[in-house]
Amino acid sequence: MTEPTPVEVSLLTPAKNEAESLPRLFAEISAVMDAQHRSWELLVVDDGSTDDSWRVVVEHAAADSRIRGLRLRRNFGKAAALAAGVEEVRGRLLVTLDADLQDDPAEVPRLLAELDAGADLVSGHKAQRKDPLGKRLPSKFFNWMTGLITGLRLADHNCGLKAARTEVYRRVPLYGELHRYIPALAHQLGYRVRELPVHHRAREHGSSKYGIERYVRGALDLLTVVALTRYGRRPAHLFGGLGLVAGTAGTLILLYLTGVWVFTEQSIGTRPLLTLGILLEIFSAQMISTGLLAELVLHRTSRPEDVTDLIAGTTSTTTAA
């Protein structure tokens, strides 16, 4: 069995019910990449399409060996489609873009140039976004909040058009809705993340695959990102921190009530503040205990971290003859 031939650039696009858009997408990518004089491949992940998307992929793959298809059993979501595709690509560099033609393949050379200049991941920024106001305003708030919490200030965290060294995508976790936070996750791992304004086009075929519920899922996944990036290796700091804050508040409340009981004639037994103080102390003990248990579980189940993944470069040492 022969090994797959490596290529320089892999383009990866998840697709769901994009049969009308795919032929034009294939043509545009071929024209752009052929002009780059780089070896390339295009991998389309059919994420449970119910139209003729898979037939279109199969036909074009038969006509051009650089186009490949991967079909999921059902619709698993964009993160799962990207994760499946990342395992299959053969390129040293990876470009992701949506299949609905809103991401312009003509921007790919500019993204690749940023990687050549030293970036590890380049995220597109839809500077002139061609979407309804009802999508743009929540997106602005989402990007602001993500930047505030993760420390990576980008104008557009969720642009589908990105380019990165393939190793970056193989290091970041991709499940649930975490594809929205790929730049933030890469940033927390120490990779150099840049942003580049890109051309964004209006949708011509089909309809958006996301509704208002994506913002709720996105908010919950933002908490997951914080837990993974800041406390994934030190859960006691998260739970213990919450416990210490609650315990401090509970102690202050109980000290105050003790002073009232000792130095005044007032009764404290029926005060709601007494119940609150006791509950905060109980909550504190539970959080600190949970943090310690989490540390024990992590110590027993986690594998040693491969420190070679943390190294960005080395100096070469030569031995004198």
Side-chain angles (χ1 to χ4, degrees), residues 1-49 52-73 76-117 119-124 159-172 174 179 182 186 191 196 198:
M1 181 178 178
T2 60
E3 291 291 327
T5 304
V7 295
E8 185 174 359
V9 182
S10 293
L11 297 101
L12 172 60
T13 178
K16 180 188 177 186
N17 296 338
E18 299 290 357
E20 295 177 291
S21 302
L22 287 174
R24 179 180 163 188
L25 179 68
F26 295 152
E28 290 185 357
I29 288 177
S30 296
V32 169
M33 295 308 299
D34 286 344
Q36 282 289 291
H37 305 293
R38 300 177 188 246
S39 58
W40 62 276
E41 66 171 354
L42 170 62
L43 177 62
V44 182
V45 181
D46 185 348
D47 187 21
S49 295
D52 288 334
S53 294
W54 182 244
R55 179 185 59 80
V56 174
V57 173
V58 171
E59 290 177 353
H60 283 77
D64 188 340
S65 61
R66 297 171 299 183
I67 298 175
R68 298 192 293 139
L70 188 67
R71 190 180 193 184
L72 304 187
R73 293 190 183 94
F76 288 97
K78 187 173 181 178
L82 287 173
V86 167
E87 292 300 315
E88 291 292 324
V89 296
R90 300 171 297 187
R92 179 179 64 86
L93 305 177
L94 177 61
V95 177
T96 62
L97 70 167
D98 294 338
D100 57 11
L101 297 177
Q102 290 195 268
D103 293 334
D104 190 349
E107 298 287 358
V108 170
R110 296 176 60 228
L111 298 177
L112 295 176
E114 287 291 323
L115 295 182
D116 293 338
D120 294 314
L121 184 145
V122 186
S123 182
C159 180
L161 184 56
K162 296 181 179 70
R165 307 186 191 284
T166 303
E167 66 177 85
V168 177
Y169 272 85
R170 288 181 174 154
R171 284 291 315 279
V172 300
L174 278 174
H179 62 277
I182 289 173
Y191 289 109
L196 192 69
V198 294

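All heavy atoms count here, side chains included; hydrogens, waters and symmetry mates do not.
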query: How long is the span from the SG atom in C159 to the CD atom in Q102, to the nearest 0.5 Å?
result: 10.0 Å
- request: Indicate yes or no: does D120 engage R165 in a salt bridge with an N to O separation below 4.0 Å.
  value: yes
field: Atom of L111, atom of A163 and distance for their closest heavy-atom approach
entry: CB-CB, 3.7 Å
statement: CG (D100) and CG (N17) are apart, to the nearest 0.5 Å, by 12.0 Å
field: Nearest-0.5 Å distance that lies between atom CG in L196 and atom CD in E107
entry: 7.0 Å
- prompt: Are the side chains of S30 and W40 in touch, meaning some heavy atoms are under 4.5 Å apart?
  reply: yes
query: Quick one: does V89's side chain get under 4.5 Å of Y169's, heavy atoms only?
result: no
- prompt: Is there side-chain contact between K78 and D98, with heavy atoms separated by less than 4.5 Å?
  reply: yes
message: With a 4.0 Å cut-off on N to O distance, would you call R110 and D104 a salt bridge?
response: no
- prompt: Are side-chain heavy atoms of E18 and L25 found at a separation under 4.5 Å?
  reply: no
message: Using 0.5 Å steps for rounding, measure from the CG atom of L82 to the CZ atom of F76.
response: 14.5 Å
query: Are the charged groups of R24 and E28 less than 4.0 angstrom apart, N to O?
result: yes
- request: Would you confirm whether T166, through its side chain, and V86, through its main-chain N or O, come within 3.5 Å as a donor-acceptor pair?
  value: no
- line: Output for pair (L97 CG, L161 CG), nearest 0.5 Å, gives 6.0 Å
- prompt: Where is the tightest heavy-atom contact between V57 and G69, given as atom of each residue plus distance?
  reply: CG1-CA, 3.7 Å
task: Taking all non-hydrogen atoms of both residues into account, name the closest pair between I67 and A61 and its distance.
output: O-CB, 3.3 Å
Side chain proximity check, E59 to F26, heavy atoms < 4.5 angstrom: no
field: Smallest separation among heavy atoms of L22 and S53, with atom names
entry: CD1-O, 3.9 Å
- line: Heavy-atom nearest pair, R38 first then L93, reads NH1-CD1, 4.1 Å
- request: Decide yes or no for H60 and P23: does some side-chain heavy atom of the first lie under 4.5 Å from some side-chain heavy atom of the second?
  value: yes
Flag side-chain contact, heavy atom, 4.5 Å: D34 against R66: yes
field: For I182, the option from L174, V168, T96 that meets side chain to side chain contact (heavy atoms under 4.5 Å, CB included)
entry: L174
message: Determine whether a donor-acceptor pair (N or O, by modelled atom type, separation under 3.5 Å) exists between the side chain of S21 and the backbone of L101.
response: no
field: Nearest non-hydrogen partners of V44 and A15, listed with the distance
entry: CG1-CB, 4.0 Å
field: Side-chain touch V32/I29, heavy atoms, less than 4.5 angstrom
entry: no
task: Let me see the working for E41 and S10 under side-chain hydrogen bond (donor to acceptor under 3.5 Å, both in side chains), right down to the final yes or no.
output: CA-CA 5 Å; E41 66 171 354; S10 293; 2.6 Å; yes
- prompt: Taking atom CG of L12 and atom CZ of R68, what is their separation to the nearest 0.5 Å?
  reply: 10.0 Å
Flag, side chain of S123 to backbone of K162, donor-acceptor distance under 3.5 Å: no
